[in-house]
Amino acid sequence: MMTLHWSHVFVRDYSASFIRHRPFNHTPASPESLQQIQSWISECLISHGHGQSKDQWSPFTPTRLLHIQSEGSGYMLYLTDAKKLSENVSYTALSYCWGGDQSHKLTMANVADAHRLKFATLPRTLQDAIRVTCGLGYEYLWVDSLCIIQDDAHEMAREIALMPQIYSHASITIAARASPSVLQGFLEHRFTGDVIEVPFQGSDSGLLGRVCMTEKNLGDCNWLDTRAWALQESALSTRVIDYHSRHTFFGCVLTHGSTQRAGRKGHTDGWDDLSIYPGTEIRDLGVPYQDLTTTEAMVYWHDVVTNYARRQLTVPTDRILAISAIAGQLGVKRPHDTYIAGLWESVLPLDLLWIAVPDVELPSYPRPHNYQGPSWSWTGIDGPIQFTHRLREFGIHSSYRNDEAYTADAELLGHDVTLQVEEAPFGAVSSAILTLKGRLRPIHQLHKYRSNSHDSFANWGDPLWTCEEIHSSESCQFSDDIHRELAIRCDTADFEEEIDAMPIFLFHIVDPGPKKPSPFEPPESEPLTDSGEIYAPGWGLLLKKENGDTLLGKYSRLGTFRTRFSAPVCWDCARNYLDGFEQQVIQLV
């Protein structure tokens with residue numbers, strides 16, 4: 001049975017004030033469609049303060065650009081060295097899904113012969129990008145697979161470091177959102193299915209209008225929102241033209257934030273898909289232009305990483321690389337801060353308290369076979385993550401929204417990072433070691449348990465682990481429920497193999513006990529003391545000792561843990577619990 005859904009109404013129809021959808025533009029490649037986009041770009045250049053993107057920064061031209069010349073009904077294509085171009089050349093950039101290896105890509109073997117390219121041999125998405133570039137009046141296009149030597153590691157690192165300039169200086173970024181592969185293109189005729197026109201009557205005025213209905217399951221897949229590299233391409237762009245399967249959308253850096261969902265601004269060529277997927281949340285992750293406080297910068301970074309980490313990568317070791325351009329832009333706004341393998345020094349060690357978030361299809365990912373980051377950084381594993389100390393339901397408030405937020409009890413003493421490429425400070429690392437001072441204790445046995453809706457740790461997902469060596473005092477009201485006191489969340493699916501060699505260790509970042517609360521109201525289960533403090537949970541890392549003797553203990557991360565002593569009567573438990581820890585200086589790898 002076909003399920004119908006409101007499709008669209010006509011602009012001057014009475015129903016237009018109630019339904020946001022407008023008729024489809026079936027031909028996104030038509031001259032009229034391209035002229036409409038040109039008018040949007042012109043309006044942006046005239047009306048918005050950012051004007052020509054090049055006026056904001058020093059002149060920049062990418063290392064290579066694809067030069068496009070119309071020749072009858074075809075195109076002449078030349079891969080051009082930037083040295084032969086002026087500093088003010090205008091160009092477009094392409095954001096797209098590779099969908100596998102690229103047979104046309106630039107390599108060290110073919111770079112000498114790649115100056116002249118044949119349009120017919122290129123995949124459809126690149127052909128469509130050439131059509132749009134030329135149709136909008138531009139002669140140059142930047143495409144990663146053609147403009148970067150893909151098997152030259154040094155050039156790759158250098159060009160990735162230039163991504164902020166490449167995308168921000170592009171006159172417009174062409175985003176092929178409806179294409180899961182470079183082979184499929186994005187300018188095909190748009191299919192709407194059967195359209196049924198039904199009458200529409202206002203409940204108050206009684207006026208009649210017309211509403212068009214189509215099948216509800218005609219989805220508008222946004223493939224770029226599943227790809228890791230595409231996040232920074234969109235976030236860094238001054239202007240973006242999004243080619244969806246049902247509509248084309250234009251947004252610039254001044255409208256981009258509100259364009260993605262309700263309250264949308266910018267321009268669309270007709271169809272608007274906001275009501276089809278009301279549960280989809282796509283926030284503005286464009287790099288802010290204004291100066292940022294530590295609070296603002298880190299809240300923004302957490303939002304970016306949380307969104308980014310659930311996206312897919314063809315090459316897993318790109319996890320730290322595909323976000324490096326955003327990190328670089330944030331670093332420009334935070335010149336006194338230091339980026340350390342995916343985290344920022346100003347908010348360490350608190351930002352070590354991230355957790356691997358269970359995926360709907362896969363509870364946790366195995367630990368990567370190839371090194372992609374240190375164990376203490378989210379870059380060292382695959383899959384979604386969350387910065388737990390920002391989640392109020394976990395019992396601890398945001399650490400960065402005010403000056404009275406919780407502080408760490410552990411201390412970062414130093415760090416030692418070896419970059420793979422010295423010219424890429426926000427890129428991949430060969431090693432990264434943190435030196436920390438804090439409370440450490442060994443534990444010798446863990447067992448698994450499954451949380452329930454009444455469990456303090458239910459939001460952490462399963463599987464969880466606990467330790468019976470961490471026990472209650474006899475006076476504790478929770479003495480019969482060990483799960484109230486300690487829960488461990490592992491980072492990877494290999495956890496049971498990794499804990500074969502005991503002991504393993506608990507390292508506290510935030511000790512349990514009285515803390516000064518955030519101005520946000522404290523959870524009701526954590527009563528205030530007479531001095532206005534609350535009984536805060538403890539947070540920390542689960543570690544294993546690395547092989548080899550060193551002056552300082554060297555450890556790697558296996559997961560995170562949380563303790564909970566949720567009433568004044570339990571403070572004796574917390575004191576007894578902390579008695580088992582010793583202050584130590586450790587190295588975390």
Side-chain angles (χ1 to χ4, degrees), residues 348-350 352-355 375-376 388-389 394-396 406-413 433-449 456-457 460 464-476 478-479 481-491 495-496 498-515 535-566 570-589:
L348 291 176
L350 277 176
L352 296 175
L353 297 175
W354 55 265
I355 63 169
S375 69
W376 47 264
T388 58
H389 56 289
F394 286 169
I396 191 167
Y406 296 145
T407 57
D409 294 287
E411 181 183 359
L412 176 67
L413 300 180
I433 301 173
L434 300 182
T435 302
L436 299 162
K437 180 181 180 180
R439 296 177 183 264
L440 184 78
R441 72 165 291 172
I443 55 176
H444 298 82
Q445 187 175 7
L446 294 175
H447 69 266
K448 189 184 297 187
Y449 80 94
S456 302
F457 307 109
W460 266 25
L464 294 179
W465 297 71
T466 191
C467 174
E468 294 184 356
E469 296 170 60
I470 310 299
H471 57 81
S472 304
S473 67
E474 293 181 359
S475 62
C476 178
F478 297 133
S479 59
D481 190 357
I482 185 66
H483 302 160
R484 293 281 187 170
E485 297 182 19
L486 179 74
I488 293 169
R489 173 76 196 166
C490 54
D491 287 343
F495 184 66
E496 293 188 55
E498 294 177 324
I499 62 175
D500 279 346
M502 291 288 184
I504 54 179
F505 298 82
L506 304 180
F507 182 78
H508 260 286
I509 303 294
V510 177
D511 289 346
K515 299 283 179 182
Y535 287 89
W539 289 87
L541 305 179
L542 186 72
L543 309 176
K544 71 173 182 179
K545 199 162 188 175
E546 290 290 289
N547 296 328
D549 295 328
T550 58
L551 293 177
L552 297 177
K554 188 172 286 189
Y555 300 83
S556 60
R557 168 178 161 147
L558 299 178
T560 50
F561 72 89
R562 181 193 173 203
T563 64
R564 185 176 181 87
F565 303 94
S566 57
C570 295
W571 183 226
D572 285 340
C573 304
R575 279 197 295 266
N576 294 338
Y577 161 75
L578 288 175
D579 285 344
F581 287 79
E582 294 182 359
Q583 282 280 355
Q584 292 193 29
V585 175
I586 68 167
Q587 289 186 326
L588 198 55
V589 298

In Å and rounded to the nearest 0.5 Å, what is the [atom1] to [atom2] distance from [X] to [Y]?
X      : Y      : atom1 : atom2 : value
Ile355 : Arg489 : CD1   : CZ    : 6.5 Å
Ile433 : Glu546 : CD1   : CD    : 10.0 Å
Arg441 : Leu506 : CZ    : CG    : 6.5 Å
Gln587 : Leu436 : CD    : CG    : 9.5 Å
Ile509 : Phe561 : CD1   : CZ    : 8.0 Å
Ile586 : Lys545 : CD1   : NZ    : 10.5 Å

Side chain of Ser375, backbone of Val589: donor and acceptor closer than 3.5 Å?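 Yes; judged by distance alone, with no hydrogens or angles, the pair exists.
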
Which heavy atom of Glu411 sits nearest to which heavy atom of Pro349, and what is that distance?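 Looking at all heavy atoms of both residues, the shortest contact is N-CG, 4.4 Å.
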
Non-hydrogen atoms of Leu413 and Lys437 that approach each other most closely: CD1-CB, 3.9 Å

So do [Y] and [X] actually touch side chain to side chain, heavy atoms under 4.5 Å?
X      : Y      : answer
Gln583 : Arg439 : yes
Ile443 : Leu542 : yes
Leu350 : Val510 : yes
Asp491 : Trp376 : no

Result for side-chain contact (heavy atoms from CB on, under 4.5 Å) between Leu558 and one of Ile504, Leu543, Ile488, Leu541 points to Ile504

Taking it one step at a time, do Phe507 and Tyr555 satisfy ring-ring contact (aromatic ring centres under 6.0 Å, His included)? CA-CA 10 Å; Phe507 182 78; Tyr555 300 83; 8.1 Å; no

